[in-house]
Amino acid sequence: MVIFRSGMARDKIFKDTQDFKEQYRALCVSVLGREFDKCTDKERYSMLARLIAAKSRAIEAECHPKEAKKVYYFSLEFLLGPLLDNYLLNYGLRDLVADGIDEMGSSLDTLIKQEVDPGLGNGGLGRLAACFLDSMAHEGMAGFGNGMRYRYGLFRQEIEDGRQVECTDNWLEGGFPWESRKDGSSVTVRFGGEVVRHQDETGRFWFTQEGGECVRAVPYDVPIVGYGGKTVNKLRLWSAEPCEEDFDLDAFNAGDYARANKFRSDVEAISTILYPNDAGEHGRILRLKQEYLFVSAGLQSILRTYEHEHGHDWDHFADHVCIHTNDTHPAMCGPELMRLLVDVYGLDFDQAFKIASASISYTNHTVMPEALEKWPIETFRHLLPRLYMFIEEVDRRYRENLMREEVNADLLASTAILWDGQVRMANLSIIFSHSVNGVSDLHTSILEQTVLRDFYRLRPQIFNNKTNGVCHRRFLAQANPPYAKLITDAIGTRWLDDATELERLIPFEKDAGFLDAMEAAKKADKERLAAYIEETTQLQVDTNTIFDVQVKRFHAYKRQLLNVFKILDLYNRMLDDPTFKPAPTTFIFSGKAAQSYVLAKEVIRLINSVADVINNDARIEGRLKIAFVPNFAVSNAQLIYPATEISEQISVAGAEASGTSNMKLMMNAALTLGTYDGSNVEISQLVGEKNIKIFGLRAQEVEDLYASGSYFAWNQVNSDPGRLGRIVSMLTDGSLAGLSGNFESIRDYLMAGNDHDLVLKDFYSYVDAWEELTAFYADRHAWNAAALHNTAKAGFFSSDRTIREYMHDIWKIES
Ligand code: F58
């Protein structure tokens, strides 16, 4: 399928198929010492990726002039997903390479399947960072990622007896052909030790941090290929290694290898795993070390480049460099940049603060207070004694300024960095930033009105909204070939560059032929997903049923539980009343729960237990089916989104900052069944109420209900023992216990916990909304037109648009 625009950089990469084959064969021989024909599929994939990576590095080296303003996107997570297919699409090389490989007796699809997902992120925040890298390259800007190269990604999820089991994700086992190690760009990062004051004869003094633990941060660079292939940026991932000077040679010589090696494993632990459990001081210190390591190493590397390109012209640093911090994990960027400018480059404190705050910006991704990071001052100062001095001084001056105006005195408790024995990372981020943004309209206004209200009162001008977006090339063009082809046949290829072109699909909402073809494409996508479900779970699903999908991290506020309650309600009503026939539906769930999040893991077990009961109950004649797809990752997400017809976005209003699966799913012509939360609000405004189903309390109503103290979960249950009460009873009466026991803790969360996420409160409006939406599905023509309208309006949710807004409003870069 040719869905690429002309004039792409591909011609510079391979002259033709013959040229590609020759280069590919030569690489196999030179690296592996074996002919292509003697290589395994894994090796063939690896060599192909290396070939494309090498070409990309060559383009990258010449991409940006030194005057170009550079943006460094600091994020502890980049959920890249597989790269090969995406880069071939971006270069416009897919057909040429596929033909070449066919002629060599293999197939591109076989090789693509060999690629493993680098699991370098948890969920939405990490995937957003990866979409942004893609869009920055697409926009032709010099935008670079800075993150951590975790030896083990987020765990691989398996399901046993309905339970989530966490297995090690050894994603680097077979090597990562996209990366290249840059020993020459290594830097040193120091933890612990003490701060020593030095003074010379003139009275000039300075500080150094000495002793403690010295870590060598080694960068691995991954090329980021923008669509069109003209811009290639890079993602720099840091790995922690011991500094040779710290090696305990005495212990080694004395044969005490355990002691000699201990420091090695302590240091390497820093880049071993993605976000260790928050349990225990040790785990937390490791997390703080990760945060400091990638911040310090990234900034040292930026300063080196700056010095190389602009010398010591520090006054113009912020004209050339933007440092964007993805949530609070890189919050130490501010003080660390100051430390480097003062201690290494000899600037004074005020100048350093000015430079730091003019170059740093911050995105907040959550309104949940428990997610706002805090560190005990003692831990912090012990680990980072010199950095802490800068934080303390900035905080002292901040307080002094605030107290000068009496009206502000009450803002100290909420806005100071140091409070109650803790370093508050969100406050640190904000005080060092010239821009603070939320990720949807609703989220930003909640930040301004509640969570960060006092900061907003003080500096309203730094607050702004940047509604999230997703990479439509990956999640529509690449993930959904039959639909992408249909779109391209209808409106040409420009939508790949400019997603707002999708609006040109609107006239086709009246075109019966187009709508039939669209339904056929959806059917093909459903069949592909059904085959994957069968392969991974041995469950057969019927592609003539509605595919109703909720895929995302498991969290109480996202309310997968509400979805299960709805399914149980439909089931109970079918058993009670043979005339009640809900629309035949396959409910598909996928997602991981954090290792230590007991309730979320119980909800996974509940879904699988309900599936075990319903899927095996002949009385309902296969009308309802539940599939849990294990190990949700970018790669299987790309199979799930295209096959979806109902997109479940049912978080309690006011809790989801934005959500991004809602965007990926609408793009793929799914209708949203959702609350008025996060960017569902903007989806609803764009597609119009005919083309989305909204239910439940609004954010303000939720807040008022909490504030009134008048909500009692028991009232909900007592007022309808036949439906809601019955479902709550089923949690503990043995009806669902067949697979692995009852669900007391879920019942406790609902009843003793007074239904914190208002599952019971929104239950009826949700079930009614589902029934109305599925009734609408029966009108195939109207449904398909509404589904197409969702795709047509999805252009706004391309991360290209989001990045252009960041460029224009925050980074001050013109396209
Ligand atoms: C997510 N946050 C938001 N955090 O929940 C979601 O609404 C939003 O669309 C997305 O960010 C992108 O803005 C999120 O994914 C994390 O994964 C944290 C990582 C660090 C530990 C705590 C969760």
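Each ligand, and each atom within it, is numbered from 1 in the order the structure gives.
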Check your understanding: Is NZ or CZ of Lys289 both nearer than 6.0 Å to the six-membered ring centre of Phe191 and within 45° of the ring axis?
Key ->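 Yes, cation above the ring, under 6.0 Å and within 45°.
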Check your understanding: Is Lys592 positioned over the aromatic face of Phe155, cation under 6.0 angstrom from the ring centre and no more than 45 degrees off axis?
Key ->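 Yes, a cation-pi geometry holds between Lys592 and Phe155.
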[X]-[Y] aromatic ring centre distance below 6.0 Å:
| X | Y | result |
| --- | --- | --- |
| Phe144 | Tyr73 | no |
| Phe695 | Trp770 | no |
| Phe463 | Tyr456 | yes |
| Phe132 | His138 | no |

Exercise for review: Could you tell me whether Glu648 and Arg559 have a side-chain N and a carboxylate O separated by less than 4.0 Å?
Suggested key: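 Not counted as a salt bridge, because no side-chain N and carboxylate O are separated by less than 4.0 Å.
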**Study point:** Option passing side chain to side chain donor-acceptor pair (under 3.5 Å) with His324 (candidates Trp811, Tyr806, Tyr72)
**Key:**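 Only one of Trp811, Tyr806, Tyr72 forms a side chain to side chain donor-acceptor pair (under 3.5 Å) with His324, namely Trp811.
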Could you check [atom] against the protein and tell me its nearest heavy-atom contact, residue, atom and distance included?
| atom | answer |
| --- | --- |
| atom 13 (O) of ligand 1 | His365 ND1, 2.6 Å |
| atom 6 (C) of ligand 1 | Glu656 OE1, 3.4 Å |
| atom 21 (C) of ligand 1 | Tyr275 CE2, 3.6 Å |
| atom 17 (O) of ligand 1 | Asn122 CB, 3.8 Å |

Between ligand 1 and [X], can you find any atom pair, the residue atom being a heavy atom, that is separated by under 4.0 Å?
| X | result |
| --- | --- |
| Gly678 | no |
| His329 | yes |
| Arg553 | no |

Review point. With only distance considered, is Gly123 within less than 3.5 Å of ligand 1 through an N or O on each side?
Key: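 Checking ligand 1 against Gly123, no N or O pair falls under 3.5 Å apart.
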Exercise for review: For atom CD of Gln461, decide whether the heavy atoms of other residues, nucleotides or ligands shown that lie under 6.0 angstrom number more than 12.
Suggested key: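 Correct, the count exceeds 12.
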Check your understanding: Taking non-hydrogen atoms only, is Glu77 closer than 4.0 angstrom to ligand 1 via side chain, backbone, both or neither?
Key ->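 For Glu77, only side-chain atoms sit under 4.0 Å from ligand 1.
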Check your understanding: When you look for heavy atoms under 4.0 Å from ligand 1, do you find them on the side chain of Leu125, its backbone, both, or neither?
Key ->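 Both backbone and side chain.
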**Study point:** Residue selection (non-hydrogen contact nearest atom 12 (C) of ligand 1) among Val439, Asn468, Thr328
**Key:**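 Comparing heavy atoms across Val439, Asn468, Thr328, the nearest one to atom 12 (C) of ligand 1 lies in Asn468.
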Check your understanding: Any idea which of Ser661, Gly124, Ser658 brings a heavy atom closest to atom 10 (C) of ligand 1?
Key ->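 It is Gly124 that holds the nearest heavy atom.
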**Study point:** Sub-4.0 Å atoms of ligand 1 with respect to non-hydrogen atoms of Ala657
**Key:**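 Numbered from 1, ligand 1 contributes 7 (O).
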Exercise for review: Could you list the atoms of ligand 1 found under 4.0 angstrom from a heavy atom of Tyr557?
Suggested key: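 Listed by number with element: 5 (O).
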Practice item. Report the C-alpha separation of Asp755 and Lys761 in whole Å, then their side-chain angles, then the decisive distance to 0.1 Å, and conclude whether the salt bridge (Lys or Arg N to Asp or Glu O under 4.0 Å) test is met. Key: CA-CA 8 Å; Asp755 185 18; Lys761 179 78 185 165; over 6 Å; no
Review point. Under 4.0 Å from atom 8 (C) of ligand 1, do we find at least one protein heavy atom?
Key: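 Under the 4.0 Å cut-off, atom 8 (C) of ligand 1 does have protein heavy-atom neighbours.
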Point to revise | Heavy-atom protein neighbour under 4.0 angstrom from atom 3 (C) of ligand 1 | key: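 Yes, there is one.
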